[in-house]
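Just below is one structure, and these are the notes that go with it.
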Amino acid sequence: MSPIDTLVNSTIRPDVRAVASYHVADASGFIKLDAMENPYHLPHHLREDLAQRLADVALNRYPVASYASIKQRIVDKLGVPDGYDVILGNGSDELISILCMACAMQDRRATVVAPTPSFVMYQRSAQFAGMDYVGVPLKADMTLDLPAMLAAIAEHKPALVFLSYPNNPTGNLFAADDIVAIIRALDSNGSGLAVVDEAYEPFAQQTFMHRLPEFNNLVVMRTVSKLGLAGIRLGYMSAAPQLLAEFDKVRPPYNINVLTQVAAEFALDHVAVLNQQAAALRAARADLTAALARIPGVEVFPSAANFILIRVPNSDDAHAKLLAHKVLIKNVSKMHSVLANCLRITVSTPEENSAFLDAFTASLAA
Ligand SMILES: *Cc1c(COP(=O)(O)O)cnc(C)c1O
């Protein structure tokens, strides 16, 4: 073995060496319907104003550590209840990792429970923090298996339960009553937090944010990524102030850079533009859902997000043929057995959606 391989093997954790790196497909030249991005850019006049604001940022200074001005805008404009604050993450990915780091015990292994399939970072962050991860399979129709979730909570007494609401990659909203039952079960254990991940809230228009005061053990997490600002990397979460104060100790002090902060403040000052784009995508989702449902042999799952899960006779074949047509979607069929032959398509502009539909129907016919 070469010296560098010996070094890697003796210093890097075996479980880290064993995992594959997070795969992101090269999308240049493709219609990109794989990553739940908002296809719309900010309007031209706003981009010019933003450029001026960014040019004025003091890049030589550290960010203002309190992040008070951006947090105030989030609290005021995004429905955070009175008496509740937020903490910020470099994307909600970082918030997931902060939660795991804060809850991973040193004297015993703490556990993360989540329905599966769901967002892959719950399992990854749990693992890297040294926590056990227990995935509870969804039912065949992609709904939550509440008795199985409650049994897993009773058995494993998890520190954290992650609930993607709506769920990625299935697109559906779990029943709100089921989520409440999970929050209550964790609370009566006296030791568990329920994290409701509302990354797709602009498309679902359903939230637990206003219900924070009802539950001590509820954490609500969101991101501006799917709303149209995936590139700036900004997530936020709210919970009881006593919990937030602890999470905040784990957060790297200057985790949000000054350019992100100014761009986010600017975007929130013009949040109506982003909300209009979300409304256009909700309308496009309805059109695309209806069009897909008319195609023989295609099963369409209901979506409250900006993507649609479908089942086709042969997902690998359909995915390959779409690639040949320069359309990139996500083949999720290998993620979990309930997703056999499933594909996930991000909802885009009417033009890109119909280009996808043309390529898709051609690929099924061929
Ligand atoms: C996309 C996604 C995130 C990650 O969001 P970032 O803020 O871009 O890190 C979190 N949770 C779910 C369920 C997602 O689909």
Side-chain angles (χ1 to χ4, degrees), residues 22-25 27 32-39 70 74 78 86-101 112-126 128 133 135 138 142 144 160-174 179 194-204 206-209 219-238 247 251-252 255-257 260-261 263-264 267-268 274 278 281 285 301 303-309 329-330 332 335-336 339 342 344-348:
Y22 190 92
H23 174 73
V24 180
K32 194 170 181 319
L33 307 179
D34 66 327
M36 283 77 91
E37 291 149 324
N38 173 346
I70 175 67
I74 290 173
L78 300 175
V86 292
I87 76 166
L88 307 178
N90 191 324
S92 46
D93 286 349
E94 187 182 46
L95 295 172
I96 295 166
S97 146
I98 286 173
L99 287 167
C100 290
M101 278 194 282
V112 166
V113 165
T116 181
S118 191
F119 189 47
V120 293
M121 294 310 290
Y122 306 147
Q123 178 167 13
R124 273 233 163 155
S125 293
F128 291 157
Y133 171 84
L138 295 177
M142 311 300 171
L144 199 65
L160 294 167
V161 172
F162 285 101
L163 296 162
S164 175
Y165 184 75
N167 189 43
N168 176 11
T170 57
N172 55 319
L173 279 169
F174 299 139
I179 292 184
V195 184
V196 177
D197 179 349
E198 299 187 346
Y200 299 96
E201 184 272 338
F203 311 103
Q206 299 287 328
T207 179
F208 276 79
M209 189 66 94
V219 178
V220 177
M221 177 190 298
R222 294 205 194 134
T223 174
V224 298
S225 292
K226 312 295 160 44
L227 182 61
L229 302 167
I232 73 172
R233 312 303 301 130
L234 182 72
Y236 59 98
M237 69 180 171
S238 190
F247 301 145
R251 183 183 61 80
N255 63 332
I256 305 304
N257 74 73
T260 292
Q261 184 189 330
L268 288 179
L274 296 176
L281 291 167
R285 174 182 68 201
F301 293 91
S303 171
N306 65 339
F307 59 87
I308 300 172
L309 185 77
I329 62 168
K330 181 90 172 171
V332 295
M335 268 181 79
H336 192 277
L339 294 176
C342 285
R344 188 191 68 193
I345 304 119
T346 303
V347 177
S348 184

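Indexing begins at 1, ligand by ligand and atom by atom, following the structure's order.
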Report the relative orientation of the aromatic rings in Tyr200 and Phe307; use parallel for angles under 30°, tilted for 30 to 60°, perpendicular for over 60°.
perpendicular
Short side-chain donor-acceptor distance under 3.5 Å, Asp197 and Ser164:
no
Interfacing atoms of ligand 1 (cut-off 4.0 Å, heavy-atom, Asp93)
4 (C), 9 (O)
Atom 15 (O) of ligand 1: which protein heavy atom is closest, and how many Å away?
Tyr200 OH, 2.6 Å
Gap separating the OG atom of Ser238 from the CZ atom of Phe247, nearest 0.5 angstrom
10.5 Å
I would like to know whether Ile256 and Leu234 meet side chain to side chain contact (heavy atoms under 4.5 Å, CB included); could you show each step before the answer?
CA-CA 7 Å; Ile256 305 304; Leu234 182 72; 3.7 Å; yes
With rounding to the nearest 0.5 Å, note down the distance linking CD1 in Ile98 to CE in Met221.
9.0 Å
Evaluate the criterion ring-ring contact (aromatic ring centres under 6.0 Å, His included) for residue pair Phe162 and Phe119; output intermediate values, then yes/no.
CA-CA 9 Å; Phe162 285 101; Phe119 189 47; 9.3 Å; no
Closest protein heavy atom (residue, atom, distance) for atom 5 (O) of ligand 1:
Ser92 OG, 3.1 Å
Compute the shortest N/O to N/O distance between Lys226 and ligand 1 and return yes if it is under 3.5 Å, no if not.
yes
May I ask you to identify, for Asn168, whether its side chain, its backbone, both or neither come under 4.0 Å of ligand 1 on a heavy-atom basis?
side chain
Are any of the heavy atoms in Glu94 under 4.0 Å away from ligand 1?
no
Which is it for Met121 and ligand 1 at heavy atoms under 4.0 Å: side chain, backbone, both or neither?
neither
For Ser164, the ligand 1 atoms whose distance to one of its heavy atoms is below 4.0 Å
13 (C)
For atom 7 (O) of ligand 1, find the nearest protein heavy atom and state the residue, atom name and distance (0.1 Å precision).
Thr223 OG1, 2.5 Å
Residue among Val195, Leu99, Val220, Thr223 satisfying side chain to side chain contact (heavy atoms under 4.5 Å, CB included) with Met237:
Leu99
Return the closest protein heavy atom for atom 11 (N) of ligand 1 as residue, atom name and distance.
Asp197 OD2, 2.6 Å
As a quick check of understanding, evaluate side chain to side chain contact (heavy atoms under 4.5 Å, CB included) for Val86 and Arg222, giving each step before the final call.
CA-CA 10 Å; Val86 292; Arg222 294 205 194 134; over 6 Å; no
If the contact criterion is a heavy-atom separation under 4.0 Å, does Met221 count as touching ligand 1?
no
Working note: Asn167 + Leu138, criterion side chain to side chain contact (heavy atoms under 4.5 Å, CB included); need CA distance, chi angles, decisive distance, verdict.
CA-CA 11 Å; Asn167 189 43; Leu138 295 177; 3.7 Å; yes
Which protein heavy atom lies closest to atom 9 (O) of ligand 1, and at what distance to 0.1 Å?
Arg233 NH2, 2.8 Å
For ligand 1, which atoms have a heavy atom of Ser225 less than 4.0 angstrom away?
6 (P), 7 (O), 8 (O)
